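Worksheet: one structure, shown below.
In each ligand, atom 1 is the first atom listed, and ligand 1 is the first ligand listed. All figures in this text were calculated on a predicted structure; none of them were measured in a lab.
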Amino acid sequence: MTVQHDTPTAAASGAGATERFKSDKSGGGAGTPPERVDLLAREVLSAVHDTIRRHRVTYAEYNALKAWLIDVGETGEWPLFLDVWVEHVVEDVATEHRQGNKGTIEGPYYVPDAPERGSHGTLPTRPDEKGAPLTWTGQVRSTDGTPLPGAKIELWHADDDGYYSQFAPGIPEWNLRGTFTADGNGEFGIGTVRPAPYQIPTDGACGRLIAAAGWHSWRPAHLHVKVSAPGHEQLTAQLYFPGDAHNDDDIASAVKPELMLDPEPAADGRGETVVYDFVLDPVRL
Ligand code: MBD
Ligand code: FE
């Protein structure tokens with residue numbers, strides 16, 4: 001008899017991320033004017049043609065590409081592929097005008113409407129959740145220094161094994177996902193566990209590209225956040241931990257020095273505490 005383990009697989013996470021994207025951001029591209037499609041499509045194709053001529057790409061290589069592209073779709077990894085290797089440049093361009101907090105990419109595993117946890121609370125965890133306790137306090141302000149009471153902080157991160165709830169099987173819904181609301185001073189406090197370094201799924205098309213190219217598949221440990229307040233641009237960011245082996249070679253190119261936390265051992269000896277504030281840009285008129 002075969003025992004079916006609840007082993008998270010690339011196919012499961014990939015299919016989940018594809019479904020999430022289709023339900024949330026459908027119509028992506030609707031309204032892009034034909035002139036713009038014409039320009040961008042021609043330039044991307046022209047870059048491909050140049051690469052083929054410059055490196056004298058063979059039919060064997062062309063067919064390997066075709067097979068791989070089919071594989072990306074079949075393993076549901078278009079969101080993963082694009083968010084790991086393309087999104088960081090889109091994010092840079094979209095946010096280069098900002099005076100407030102640096103952001104970074106969203107990645108494939110955000111889910112809106114995570115459970116409300118008040119201004120000070122803990123993320124939903126399992127009773128035996130692995131990982132050192134992490135207590136994070138901070139304040140949300142506008143670029144002029146005004147605190148932003150009622151600002152929303154959505155936080156999501158992987159568990160100690162590197163898996164996200166709602167995308168890997170066997171994890172309770174909303175585990176390590178929550179929505180906090182800043183208090184009257186714009187302040188918040190969040191209890192969670194410190195995440196572990198993260199390896200993108202190796203058993204799908206992205207993993208096969210990584211293996212074939214001799215790359216590595218790691219991201220540094222990270223906390224994902226979205227911070228929003230009325231009249232301000234929503235901030236999407238990730239926070240990182242000093243000393244992580246992959247801070248300097250994140251496969252998703254999403255680490256920035258401004259996003260580095262500075263945790264300290266907790267006074268009560270239970271894990272670590274950290275302070276990190278957010279500064280949001282007012283919406284441009
Ligand atoms: C992740 O957890 C992530 O944050 C990114 C950007 C890509 C793949 C998995
Ligand atoms: Fe992530």
Side-chain angles (χ1 to χ4, degrees), residues 8-21 24-25 72 75-95 102-112 114 123-125 129-131 134 136 153-169 171 174-178 190 192-211 213 215-227 235-241 244-256 259-261 276:
T9 61
S13 289
T18 299
E19 281 318 304
R20 169 91 261 143
F21 181 80
D24 239 44
K25 296 179 183 148
V72 177
T75 52
E77 289 196 344
W78 280 115
L80 181 65
F81 171 71
L82 290 166
D83 294 351
V84 167
W85 284 295
V86 180
E87 188 187 353
H88 68 99
V89 190
V90 180
E91 194 276 335
D92 272 347
V93 171
T95 63
K102 280 280 179 217
T104 191
I105 65 175
E106 175 177 319
Y109 302 138
Y110 169 67
V111 185
L123 283 188
T125 53
E129 195 69 49
K130 284 189 279 171
L134 178 69
W136 164 20
I153 301 107
E154 296 172 85
L155 176 64
W156 73 101
H157 67 87
D159 69 11
D160 199 56
D161 298 317
Y163 297 118
Y164 285 86
S165 62
Q166 263 95 319
F167 295 92
I171 301 174
W174 303 116
N175 201 60
L176 300 176
R177 296 177 182 273
I190 297 173
T192 185
V193 294
R194 183 169 167 154
Y198 177 88
Q199 187 176 30
I200 72 162
T202 53
D203 57 341
C206 292
R208 283 188 275 281
L209 169 62
I210 287 166
W215 300 341
H216 75 76
S217 51
W218 291 91
R219 299 210 59 221
H222 57 279
L223 303 171
H224 290 270
V225 282
K226 278 182 182 285
V227 187
L235 171 70
T236 300
Q238 299 180 35
L239 301 172
Y240 303 95
F241 298 85
D244 192 294
H246 293 95
N247 281 337
D248 295 325
D249 67 347
D250 176 13
I251 191 172
S253 312
V255 180
K256 301 179 187 183
L259 300 174
M260 207 51 69
L261 294 170
Y276 191 92

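When non-hydrogen atoms are compared, ligand 1 lies under 4.0 Å from the side chain of Pro108 (C-beta onward) but not from its backbone. When non-hydrogen atoms are compared, ligand 1 lies under 4.0 Å from the side chain of His222 (C-beta onward) but not from its backbone.
Ranking the protein heavy atoms by distance from atom 6 (C) of ligand 1 puts Ile105 CD1, 3.3 Å first. For atom 1 (C) of ligand 1, the closest non-hydrogen atom of the protein is Tyr198 CE2, 3.8 Å.
Contact detail for Ala205 and Thr75: the closest heavy-atom pair is N-OG1, 3.5 Å. Residues Glu154 and Pro112 share a closest heavy-atom pair of OE1-CA, 4.2 Å.
A donor-acceptor contact closer than 3.5 angstrom is absent between the side chains of Arg219 and Gln199. In this structure, a donor-acceptor pair under 3.5 Å is absent between the side chains of Thr104 and His88.
Under the 4.5 Å side-chain criterion, counting only non-hydrogen atoms from C-beta, Cys206 is not in contact with Val84. Counting heavy atoms from C-beta on, the side chains of Ile105 and Thr236 never come closer than 4.5 Å.
For a distance bound of 2.8 Å, the N, O or S atoms of Tyr198 include none lying that close to the Fe ion (ligand 2). The Fe ion (ligand 2) has an N, O or S atom of His222 inside 2.8 Å of it.
At a 3.5 angstrom cut-off on N or O pairs, Tyr109 does not count as close to ligand 1. Any N or O atom pair closer than 3.5 Å counts here, and Tyr164 shares at least one such pair with ligand 1.
Nearest to the Fe ion (ligand 2), among the N, O or S atoms that His224 has, is NE2.
The distance from ligand 1 to the heavy atoms of Gly107 drops below 4.0 Å at these ligand atoms: 6 (C). Residue Arg219 approaches ligand 1 through these ligand atoms, each under 4.0 Å from one of its heavy atoms: 3 (C), 4 (O), 5 (C), 6 (C). Of all atoms in ligand 1, listed by their number and element, those nearer than 4.0 Å to a heavy atom of Leu80 are 8 (C).
One N or O on the side chain of Asp159 and one on the backbone of Asp161 form a donor-acceptor pair closer than 3.5 Å. Here the side chain of Trp136 pairs a donor or acceptor atom with the backbone of Tyr276 at under 3.5 angstrom.
Within the structure, ligand 1 has His224 among the residues with a heavy atom less than 4.0 angstrom away.
If you run ring-ring contact (aromatic ring centres under 6.0 Å, His included) between His224 and each of Tyr198, Tyr240, Tyr110, Tyr164, only Tyr164 comes through.
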